[in-house]
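Written out below as structure tokens is the structure these notes cover.
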Amino acid sequence: MGDQRAKRNEDKGQGVSPTREMPPPDDVSTVSLLRELVAHLRKNRTQLREEWARRITAAKLLGAMSSEEMFAEATSVYDNYVEVLETGAVEALQAYARDLSERIIPRGVETDEVVGIVLLLRDVLARSLFAKYQTDFQLLNRILDAYEPAANRIANTVAVGFVQERERIIRQQQEAIRELSTPVLQVRERLLILPIIGVIDSQRARQLTEQLLRGIRTNRAKVVVIDITGVAAMDATVANHLVQTVEASRLLGATVIVTGLSPEIAQTLVTIGVDLGKMNTVGDLQGGIEEAERLLGYKVAPFSEISQQPI
Amino acid sequence: MEVPILKQGLYLIASIQAALSDLDLVHLRDALAEKVGKFRARGVIVDVTVLDVMDSFASRTLRDLAHMTRLRGAETVIVGIQPEVAFAMVQLGLTLEGVDTALDLEEGLAFLDKKTKRHPSRG
Amino acid sequence: MANEAVVTINTDADVVAARQKGRELATELGFVSTDSTLLATAISELARNIIRYAKHGEILIAPVQSGDRVGITVVARDKGPGIANIPLAMQDGFSTSGGLGLGLPGVKRLMDEFHLVSDANTGTTVTIKKWKR
């Protein structure tokens, strides 16, 4: 663990070193160097933080934030950064990165901006180290040896935290969209309508069934009309899901009426040998609702009589 | 665990209180088949609200129960199957075919009233 | 992380114990209730198969992790006679005894992963997995 793995260009200081799996600062001199470094960064906090904020603005990063907001975030990132350098513990930083991401993602902040600001901070701090230790080249070198792995680890932690949070939000949104796209509507007491629109895959079919079953229970529904007019195609797996939905609803005591089967879907159902005896189908949604109301014991007048229009 | 069976008018109501072993279920089936004759019951309600799993054995025993009581002159309705349980059942291919089901006890009673024509519903 | 459990399957009461263990672990790991029910039902069927076809066996229920996915794996093992014709047993609608059957295709449908090894000498091992959503 103690070998020098980072080879660096001596006159540049911005060299690339491995970002993953940095060993924690375990040897005594590294620890004391980091301590000296931390003291320097704390002492010059105000000035370095302002320099960093200036660079962020110049690079047009975090444009979605007001300058006050940006400065407030920059301050807490700065303090967290220094703390990680001091303690070597990234847990607090991880938590902070998640929290920060949660706040700034809805504002439209992009991954490259987050990575950008952290790299800028790394740069600002490195430059201040140059300025401070330029007279003692040996010491500068050792300070940078201690600083770089830690700084890279921080950059890595923040970037990964941000990306993970973004992925989590995207997953959550997908979930929400799926929920939205399968609304279970109560049209009158004991009657639910489930209009399905778009592409149904196995996962959505499953979700839809779960939602419907819960809906039946909470609304005490006796009849459900599933309208699949808006479904273009249905493969055997999804057709089987549909049959299962019908059967599961019956187990809860509800009758299902399926409406709006296209000729193609009807053909699929016949081809895969779906037991049509179990499936109560009516041509269109209007007819399905009439049938449902009849099952519920309502008296139904034909649509043409109500509208008094010759058809 | 023994399932209590209550007599209410012409109906017998078996309300399952906790998870049942296979043996408990078989006892319930036999007890109901016997009591239907003894009390000259017209209907049976089995309330399975508390069951969090209904596997092949439970399904088959309930189906047998319904068929046995029917042969003895009473209609059976299974009430209270939970949404998740129903979801798991159909995926296993357990659909309680030929067995009547209702949402809960209240619905079960209404169903039996209709089916046994105590209060024939109008047209 | 939660601990694994091994339930010895000898009587029909053990079927209930095994599925309750499965549900406990699923709840502990934060499974949605539908998935806990699917898992408990699958365990119930596997335990039932052990009693019916092998008399004795055991069921291991353990948490698994793969990347950032968390799940539960269930291993149902017996030293019974084995399944003579696996493809037939995995065919939907197949049952050896009027509706009770092996129920293995059903179990497979309830789970995300399903693996079956069986022969006359060593018995039957069914391994299933369900991932947390």
Side-chain angles (χ1 to χ4, degrees), chain B residues 1-3 14 16-31 46-68 70-71 76 78-99 101 103, chain C residues 9-24 26-27 31-53 59 76 90-112 114 128 130 133:
Chain B
M1 166 182 276
E2 199 80 1
V3 178
I16 296 172
Q17 310 287 321
L20 296 183
S21 72
D22 296 357
L23 208 58
D24 298 330
L25 262 171
V26 170
H27 281 163
L28 174 65
R29 180 195 69 193
D30 297 346
V46 181
D47 187 347
V48 299
T49 305
V50 303
L51 291 191
D52 65 352
V53 166
M54 186 96 80
D55 66 1
S56 55
F57 185 86
S59 295
R60 198 180 66 146
T61 310
L62 287 178
R63 202 181 62 204
D64 291 352
L65 185 162
H67 292 169
M68 282 163 73
R70 185 172 297 148
L71 289 171
T76 290
I78 310 292
V79 307
I81 297 177
Q82 296 297 319
E84 298 100 81
V85 174
F87 187 68
M89 284 172 74
V90 296
Q91 290 200 43
L92 269 181
L94 309 170
T95 57
L96 287 180
E97 224 160 305
V99 180
T101 49
L103 191 72
Chain C
I9 307 294
N10 293 312
T11 71
D12 69 312
D14 299 330
V15 177
V16 179
R19 71 186 185 217
Q20 279 172 349
K21 273 272 177 279
R23 183 180 284 278
E24 270 169 34
T27 308
F31 275 53
V32 298
S33 84
T34 307
D35 287 349
S36 305
T37 302
L38 295 182
L39 182 82
T41 309
I43 292 174
S44 196
E45 289 299 314
L46 294 180
R48 193 168 293 300
N49 276 346
I50 290 177
I51 291 183
R52 186 164 179 82
Y53 297 101
I59 289 190
M90 290 313 294
Q91 228 170 62
D92 239 333
F94 170 74
S95 83
T96 48
S97 53
L100 195 51
L102 291 160
L104 291 177
V107 171
K108 189 177 176 184
R109 273 198 300 274
L110 298 180
M111 293 294 108
D112 296 323
F114 178 98
I128 54 176
K130 187 90 193 157
R133 284 195 265 162

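Order of the sequence lines fixes the chain letters, A, B, ..., with proteins taken first and strands second; residue numbering starts at 1 for each chain.
Residue B:M54 touches chain C through its backbone alone, counting heavy-atom pairs closer than 4.5 Å. For C:R19, the part lying near chain B is the side chain, with the backbone staying farther off; criterion is any non-hydrogen pair under 4.5 Å.
Looking at heavy atoms from C-beta onward, C:R23 lies in side-chain contact with B:V53 at the 4.5 angstrom threshold.
The nearest pair of heavy atoms linking B:A88 to C:L110 is O-CD2, 3.6 Å. Taking every heavy atom of both residues into account, C:T41 and B:L92 meet most closely at CG2-CD1, 3.4 Å. In this structure, B:S56 and C:E45 approach most closely via the heavy-atom pair N-OE2, 2.5 Å. In terms of heavy atoms, C:T37 sits closest to B:D52 at CG2-O, 3.5 Å. The two atoms that bring C:S33 and B:E84 nearest to each other are OG-OE1, 3.0 Å, heavy atoms only. Nearest heavy-atom pair, B:Q91 versus C:R109, reported as atom, atom and distance to 0.1 Å: O-NE, 2.6 Å.
Residue with the most contacts toward chain B among C:T11, C:V15, C:D14, C:T34: C:T34 (heavy-atom pairs, distance under 4.5 Å).
Between the side chain of C:R48 and the main chain of B:D55, no donor-acceptor pair closer than 3.5 Å is present. In this structure a side-chain-to-backbone donor-acceptor pair under 3.5 Å is missing from B:D22 to C:D12.
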